[in-house]
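Residue numbers begin at 1 in each chain, while the letters A, B, ... track the order of the sequences. The basis for the numbers below is simple: all heavy atoms, side chains too, and nothing from hydrogens, waters or symmetry mates.
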Protein chains: 2
Amino acid sequence: VLLPPVVDRLIAELAKLPGIGRRSAERIAFDLVARSPDRPTALATVLMGMAESVRPCPECHLLTEGGRCSVCSDPARDRATLCVVETYADAIAFDRAVSGKPLFHVLGGRLSPLKGVTPSDLCVDQLLSRLDGSVRELILATSPSIEGDATAHYIAQEAAGRVARISRIGRGVPTGGSLEHADSETLRFSVESRRPFDG
Amino acid sequence: VLLPPVVDRLIAELAKLPGIGRRSAERIAFDLVARSPDRPTALATVLMGMAESVRPCPECHLLTEGGRCSVCSDPARDRATLCVVETYADAIAFDRAVSGKPLFHVLGGRLSPLKGVTPSDLCVDQLLSRLDGSVRELILATSPSIEGDATAHYIAQEAAGRVARISRIGRGVPTGGSLEHADSETLRFSVESRRPFDG
């Protein structure tokens with residue numbers, strides 16, 4: 001009863017965010033309204049700016065503020081190695097942990113018959129068009145799960161003949177876990193222990 | 001390196017929210033950018049609307065979207081009882097739990113010499129100006145802490161003679177809590193505030 005409608009709507013929006021329940025959403029909303037209007041305005045401005053300017057890189061689908069991303073346009077990157085990940089967050093976690101700076105390709109998910117995710121829902125065609133001879137190794141860094149394995153299998157099949165070497169990250173990462181939340185040490189091990197992929 | 005500056009700024013803004021660490025902020029930001037621009041835009045719009053329209057009620061300092069709040073303007077409220085709380089969130093919790101619908105007054109904090117919060121930082125003058133004879137009981141619902149007690153003492157002093165009855169919310173063992181784990185201060189209060197048992 002004491003909630004003005006707009007505060008109620010804010011709580012509803014906040015509660016949609018991952019890891020934020022109704023109670024946390026209320027706490028955040030009350031904190032935002034209790035202070036000067038600068039706080040919510042600052043957050044709103046950044047959100048608007050992000051919605052307006054951030055787009056997937058046309059080449060690799062990493063996020064960028066316009067044109068090719070900082071990875072694709074970086075001459076210091078190792079252009080012979082291309083690392084395929086499911087999400088943007090996975091790419092960030094990977095890049096933080098791994099020293100050899102590869103190119104990336106964000107699929108935008110993984111194959112999942114149950115959730116209706118088919119090859120056409122992932123950015124596989126764009127990936128194949130990048131395998132024009134300059135890439136020597138494709139590292140399949142999809143998640144260590146049944147769906148991630150299926151996705152790796154599918155990509156390995158499609159990419160066969162277009163790249164000298166196809167590898168899969170080593171299983172230092174526990175099955176069922178997510179790349180985003182794995183610690184750097186585990187991710188580093190997973191690269192060191194990568195093995196030829198036999199499809 | 002892979003983070004566009006605006007995503008970095010969003011993470012920084014999100015990490016300022018209560019209960020949100022760097023890791024949660026990243027997770028939320030990635031979730032927001034990974035979807036259509038509608039999501040961040042919707043959240044931004046609500047935040048902007050809130051920053052523009054939500055103000056403290058000029059009378060009781062509850063939040064409202066303009067003019068007197070829904071409590072102060074509600075003819076069905078018990079205008080003889082005024083409940084003094086520290087924050088807006090406290091008022092909401094109180095109003096949800098308590099059946100007799102009192103008026104409220106939000107102080108905007110509690111006295112704290114350590115944090116430099118003095119009486120002039122709290123909305124005490126406005127509170128006193130509301131004690132014009134219509135209010136019969138003042139319920140001091142500041143927090144059960146040394147600072148909350150000091151605040152209650154100060155208000156009781158200032159309000160003396162302006163209201164027939166001044167009360168403090170009861171203290172003791174919380175429902176569902178265990179005696180074993182209650183601190184001695186709480187147990188002492190629970191004995192001091194004991195009441196005849198009618199079975």
Side-chain angles (χ1 to χ4, degrees), chain A residues 1-7 9-10 12-14 16-20 24 26-34 36-56 62-66 69-71 74 87-89 91-92 94-96 101 104 108 180-181, chain B residues 1-7 9-14 16-20 23-24 26-34 36-56 62-66 69-71 74 87-89 91-92 94-96 101 104 108:
Chain A
V1 188
L2 303 195
L3 289 176
V6 70
V7 178
R9 283 200 297 280
L10 175 61
E13 281 296 326
L14 289 170
K16 290 180 192 166
L17 301 174
I20 306 289
S24 308
E26 283 187 358
R27 201 167 148 220
I28 292 169
F30 296 158
D31 183 74
L32 282 169
V33 288
S36 77
D38 299 357
R39 283 283 305 292
T41 305
L43 182 52
T45 306
V46 175
L47 282 163
M48 290 298 235
M50 196 187 72
E52 273 163 26
S53 67
V54 174
R55 295 284 175 271
L62 283 171
L63 294 171
T64 171
E65 283 189 73
C69 73
S70 59
V71 170
D74 180 359
T87 68
Y88 177 56
I92 287 170
F94 202 94
D95 202 54
R96 274 186 190 150
K101 296 299 180 195
F104 282 96
E180 185 183 348
H181 298 113
Chain B
V1 191
L2 302 195
L3 289 175
V6 71
V7 178
R9 283 199 299 279
L10 175 62
I11 293 170
E13 282 296 326
L14 290 169
K16 290 180 192 168
L17 300 174
I20 306 289
R23 209 83 173 117
S24 308
E26 283 187 357
R27 200 167 149 219
I28 293 169
F30 296 158
D31 182 75
L32 281 168
V33 288
S36 76
D38 299 356
R39 284 283 305 291
T41 305
L43 182 52
T45 306
V46 176
L47 282 164
M48 289 298 236
M50 197 188 70
E52 273 163 28
S53 68
V54 174
R55 295 284 174 271
L62 283 171
L63 294 172
T64 171
E65 281 189 73
C69 73
S70 60
V71 170
D74 180 359
T87 68
Y88 177 56
I92 287 170
F94 202 94
D95 202 55
R96 273 184 190 152
K101 295 300 179 196
F104 282 96

How long is the straight-line distance from CD1 of B:Ile20 back to CD1 of A:Ile20, given to the nearest 0.5 Å? 3.5 Å
Taking side chain as everything from C-beta outward and backbone as N, CA, C, O, which of these in B:Ala91 sits under 4.5 Å from a heavy atom of chain A? Side chain, backbone, both or neither. both
Side chain, backbone, both or neither of B:Glu52 within contact of chain A (heavy atoms, under 4.5 Å):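 Contact with chain A involves no heavy atom of B:Glu52 at all.
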May I have the step-by-step check of side-chain contact (heavy atoms from CB on, under 4.5 Å) for A:Arg9 and B:Met50, ending in yes or no? CA-CA 9 Å; A:Arg9 283 200 297 280; B:Met50 197 188 70; over 6 Å; no
Heavy-atom distances under 4.5 Å only: say whether [X] touches chain B with side chain, backbone, both or neither.
X	result
A:Thr64	backbone
A:Pro56	neither
A:Leu10	both

Greatest number of heavy atom pairs closer than 4.5 Å to chain A - which of B:Thr87, B:Leu17, B:Val7: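 Sorted descending by pairs with chain A, the first entry is B:Leu17.
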Who among B:Leu63, B:Val54, B:Leu14 has the most heavy-atom pairs with chain A under 4.5 Å?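 Looking at each option in turn, the highest pair count goes to B:Leu63.
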Is B:Arg96 salt-bridged to A:Glu26, going by a charged N under 4.0 Å from an acidic O?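 So B:Arg96 pairs with A:Glu26 through a salt bridge.
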Would you say A:Glu13's side chain and B:Val46's backbone share a donor-acceptor pair under 3.5 angstrom? no
Would you mind reporting whether A:Arg39 and B:Leu47 have side-chain heavy atoms less than 4.5 Å apart? no
Non-hydrogen side-chain atoms of B:Tyr88 and A:Asp31 separated by less than 4.5 Å: no
